[in-house]
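Below is one structure; the comments refer to it alone.
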Amino acid sequence: VTKTDSAPEIQADLIIEGAAEVVTCAGASQGDVGAIPDGAIACTGGTIVFVGTGADCGRRVALKPGGRRLDARGGVILPGFVDPHTHVPFAGWRDGEFEKRLAGATYLEIAAAGGGILSTVRATRAAGLETLTTLVLERLDAMLLCGTTTIEAKSGYGLSLDAELTILRALARASSHPVEIVPTLLGAHVVGPEFRDGRRAEYVRLVAEEMIPRAAAEGLARFCDVFVDEGAFTLDEARTILEAAKRHGLGLRVHAEQLRHTGAAALAASLGAASVDHLEQATHEDVAALAASGTVAILLPGAAYFLRETSRPPARAFIEAGVPVALATDFNPGSSPCHAMPPILNLACVLFGMTPDEAIVGATRQAARSLGLEGRLGTLETGKQADLAVWDLPGRKHLAYRLGLLPCRAVVKRGRVVAENGRLSAA
Ligand SMILES: [Zn+2]
């Protein structure tokens, strides 16, 4: 080693070193995690300015006065998880329904008996803006402590113009939280309770002609989603709603092919949807349609597990066809009461046959891509936003291997340490 090298050329206000590996998630294919052994990372002003080996970091990066140096203590550094499908703004849990389902009642039977989504609608409408905002903030705290730094969050438990807008406003008010929220209007979750008796068409008009224009005009939603399935919306209704959303400048996401095959995935692909989600019943034609459109397939193994689905999404076929596969919690009180990404990675491997590395990329790079945020989030590369988590694990595959609570030692959002040793940092 020559000692003639010049002074460090990079100034950083946060340096994290001593990692067993830095998992950049940069790469082209689903399984390409871009891991750097003995890695280090540095950021300035919320942006990553160095990613590489610890030795390189020592030579090239200097800490600014007042900056912070964090020891990863042989752990793993990963991009903050991006959870691209959640139903975070809801009131009321459904633990009683869980017991009924264990005793043999089906999802559709529970919905037909007035339980299911509509019971959450009643509780959410009753909660109001203040309570909903508080609930969202509490859940974001819990997600942050599990290494999630960005989420997509859907409305959908309001099902009236006012109630849907209130839910989206709760998300807007929660935007002060370190966990970044991408809001989605899901007014078309199921038909609103006041429109059930022969007034479906009126409800579809309400979504297409009132909810979508208002949510778009007030900047309350970036995407529009439709649940296309038995007990929810038909393909024709979905087309009306998605075309309206497109006219109003919203991106498209679709709950598709979960309980029954409806053709919604192909419709979404033909409309240039950003994502198609669930896909337990997807066919090889659907795989080809998504591959051609560049739409991201978001798989939700938490829901498949919780509902004891026997059909599996064709994860391997998607990956082989070059369809980006993202993973999400689908966090909701009825079919996936899980806010943490690591157990979702485990379920994606065990139930859907993904590899740990494919699952990690699904929860970071591909998830960011499904939200149109891949230029800023989802990988650890210089110039990207400094969103990352430090895990007290000896290697990245433990994230998918160890089912349950894992030790996330530090979480960094926009270059700031926002959680450490299982606690949120003071704002
Ligand atoms: Zn969902």
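In each ligand, atom 1 is the first atom listed, and ligand 1 is the first ligand listed.
In this structure, Phe331 has its ring center under 6.0 Å from that of Phe90.
Sorting the N, O or S atoms of Asp330 by how far they are from the Zn ion (ligand 1) puts OD1 first.
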Next item on the list: May I have the step-by-step check of side chain to side chain donor-acceptor pair (under 3.5 Å) for Asp330 and His85, ending in yes or no?
Entry: CA-CA 5 Å; Asp330 192 19; His85 181 137; 3.0 Å; yes
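Annotation: side chain of Val82 is not in contact with side chain of Leu373 (no heavy-atom distance under 4.5 Å). Using a 4.5 Å cut-off on side-chain heavy atoms (C-beta onward), Leu267 and Val254 make no contact.
Take the Zn ion (ligand 1) as the corner point: the lines to NE2 of His255 and to NE2 of His87 open at 110°, to the nearest 10 degrees.
The Zn ion (ligand 1) does not have His278 among its coordinating residues (no N/O/S atom, backbone or side chain, under 2.8 Å).
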